[in-house]
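Have a look at the structure below before the remarks.
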Amino acid sequence: MATESRGTEGGARPKVTITAIAQEAGVSVPTVSRVVNGRSDVSPETRARVEDLLRLHGYRRRQSAPGDRAALVDLVFNDLDSPWAVEIIRGVEDVAHQAGVGTVVSAIHGRAGSARQWLKNLRARASDGVILVTSVLEPVVHEELRRLNVPIVVVDPAGSPALDAPTVGATNWAGGMAATEHLLSLGHRRIGLIAGPPRLLCSRARLDGHRAALEAAGVPFDQALVAQGDFYHESGFHGCDQLMSGPTPPTAIFASSDQMALGAIEALRRRGLRVPEDVSIVGFDDLPEVRWSAPPLTTVRQPLADMGKLAARTVLRQARGEEIESPRVELATELVTRASTAPPTEG
């Protein structure tokens, strides 16, 4: 939104835009827009700073018109074909709804064209903030987000965040360690791992936690007991087949996601093997569906909805011009023991 300031005795002042005011105030464009439109969700200090600059530049608010935009937050995933994404959405929606803010959910599918189209849409709707979930964005998109100066929070960062933005995650290393310690405590020593995508920090942390638990118990880490997956059912199925086809198959498997754990259970069923009598299985996430799997799945609970809630609160605080105490927050994971794990039937 751009307007022309009023003339003075020395002639008309040059045009001033909300973007220019935002840059000078060191805040986002949506924050200035909220001050201009008299909204209350801006901290007093930020409001005073922006109002001083508006007066200094002689900015005049345009008259309200039908179709003025509502408050919005963008929530961006690589893909939406997972119950994991639904839990994040549920958490974000809870907070946004209470704040009177709409949520725009997008999937960019890891494609540059999709990311650029989303960015074009973002500019058009002038969102108050963006929540990126395990999204890998190309450098040109990062640069445009910086230029737009829109508040950003990253959930489960794929790698070291390229954006100077707060991040929200879970204690993946501790969760991986807890899953493997549980299997070790039951007496398992040949423990397979179906790992997640190595490009993701959460995948690497879960693997490192698994490895740390083995080393602490004096059990050598065996790369032959590691299969590569992508967090989805099919890769869990194939990863389990790979592990069970070796000369000394594992008596237990830690799958780095619940979906891969369910795929592994199906692979074992097709081999005529029982869970947990023949092979124990542990997952990661604690998705709602795993309580009803056959058998109910032992897993590491990741507080997905709470992660969404915290991300939404954080991005809305940034949009109000408030400071964020910690740029990196990790919520605790928790082992949930159900019927898919038991002591091994052989040594």
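Along the sequence shown, the residues carry numbers beginning at 1. Bear in mind that the values here come from a model prediction, so they are computed numbers and not experimental data.
In plain terms, the two heavy atoms of G236 and I194 that are nearest each other are O-CD1, 3.6 Å. Residues A165 and V154 approach most closely at CB-CG2, 4.3 Å, considering heavy atoms. Shown here for E181 and A213, the closest heavy-atom pair between the two residues is CG-CB, 3.8 Å. The shortest heavy-atom contact between N78 and A107 is O-CB, 4.0 Å. The minimum heavy-atom distance between V105 and L80, with the atom names listed, is CG1-CD2, 3.9 Å. Contact detail for R317 and E323: the closest heavy-atom pair is NH2-O, 2.9 Å.
Summarising the geometry, atom CD belonging to E322 is positioned 9.5 Å from atom CG belonging to L316; distances are rounded to the nearest 0.5 Å. Between the CG atom in L297 and the CG atom in D285 there is a gap of 10.0 Å [rounded to 0.5 Å]. To the nearest 0.5 Å, the span separating OG on S245 from CZ on R271 amounts to 4.0 Å. Taking CD1 from I131 and OG1 from T103, the interatomic distance works out to 7.5 Å, rounded to the nearest 0.5 Å. From I281, atom CD1 reaches atom OG of S293 across 10.5 Å, with rounding to the nearest 0.5 Å. With rounding to the nearest 0.5 Å, the separation of CG in L304 from OG in S82 is 8.5 Å.
Contact of the C202 side chain with the F231 side chain is registered, since non-hydrogen atoms from C-beta on lie closer than 4.5 Å. Contact of the V130 side chain with the V315 side chain is not registered, since no non-hydrogen atoms from C-beta on lie closer than 4.5 Å. Between Q228 and P198 there is a side-chain heavy-atom pair separated by less than 4.5 Å. The shortest side-chain heavy-atom distance between M260 and Y232 does not fall under the 4.5 Å cut-off. By the 4.5 Å heavy-atom criterion applied to side chains, E87 and P288 are counted as neighbours.
Other residues, nucleotides and ligands place more than 12 heavy atoms under 6.0 Å from the CD atom of E215.
Checked for salt-bridge contact, R270 and E266 meet the test: a charged N lies under 4.0 Å from a carboxylate O. Comment: E93 does not engage R90 in a salt bridge, judged by the lack of any side-chain N to carboxylate O separation of less than 4.0 angstrom. Salt-bridge annotation for R338 and D286: present, with a side-chain N of the basic residue lying under 4.0 Å from a carboxylate O of the acidic one. Between D52 and R55, at least one side-chain nitrogen of the basic residue sits less than 4.0 Å from a carboxylate oxygen of the acidic one, meeting the salt-bridge criterion. Salt bridge annotation for R49-E51: absent, with no cationic side-chain nitrogen under 4.0 angstrom from a carboxylate oxygen.
When the side chains of ILVMFWY residues are joined at heavy-atom separations under 4.5 Å, either directly or via intervening members, V282 and L268 end up in two distinct hydrophobic clusters. V290 and L335 fall into different hydrophobic clusters, where Ile, Leu, Val, Met, Phe, Trp and Tyr side chains are chained together by heavy-atom contacts under 4.5 Å. By the rule that hydrophobic residues join a cluster once side-chain heavy atoms approach within less than 4.5 Å of another member, L201 and M177 end up as members of separate clusters. Cluster membership check: V153 shares its hydrophobic cluster with V73, using side-chain heavy-atom separations under 4.5 Å among Ile, Leu, Val, Met, Phe, Trp and Tyr.
Ring-plane geometry between H210 and F221 is classed as perpendicular, the angle between the planes exceeding 60 degrees on a 0 to 90 degree scale with a lower cut at 30.
A donor-acceptor pair shorter than 3.5 Å can be found between the side chains of N121 and Q117. In this structure, a donor-acceptor pair under 3.5 Å is present between the side chains of W118 and D74. A donor-acceptor contact under 3.5 angstrom links the side chains of R328 and T167, judged on distance only.
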Take H182 and T341 through the test side-chain hydrogen bond (donor to acceptor under 3.5 Å, both in side chains) and record every step on the way to the result. CA-CA 9 Å; H182 170 65; T341 51; 2.9 Å; yes
Test side-chain hydrogen bond (donor to acceptor under 3.5 Å, both in side chains) on T171 and T333; report intermediate values, then the result. CA-CA 6 Å; T171 53; T333 52; 2.9 Å; yes
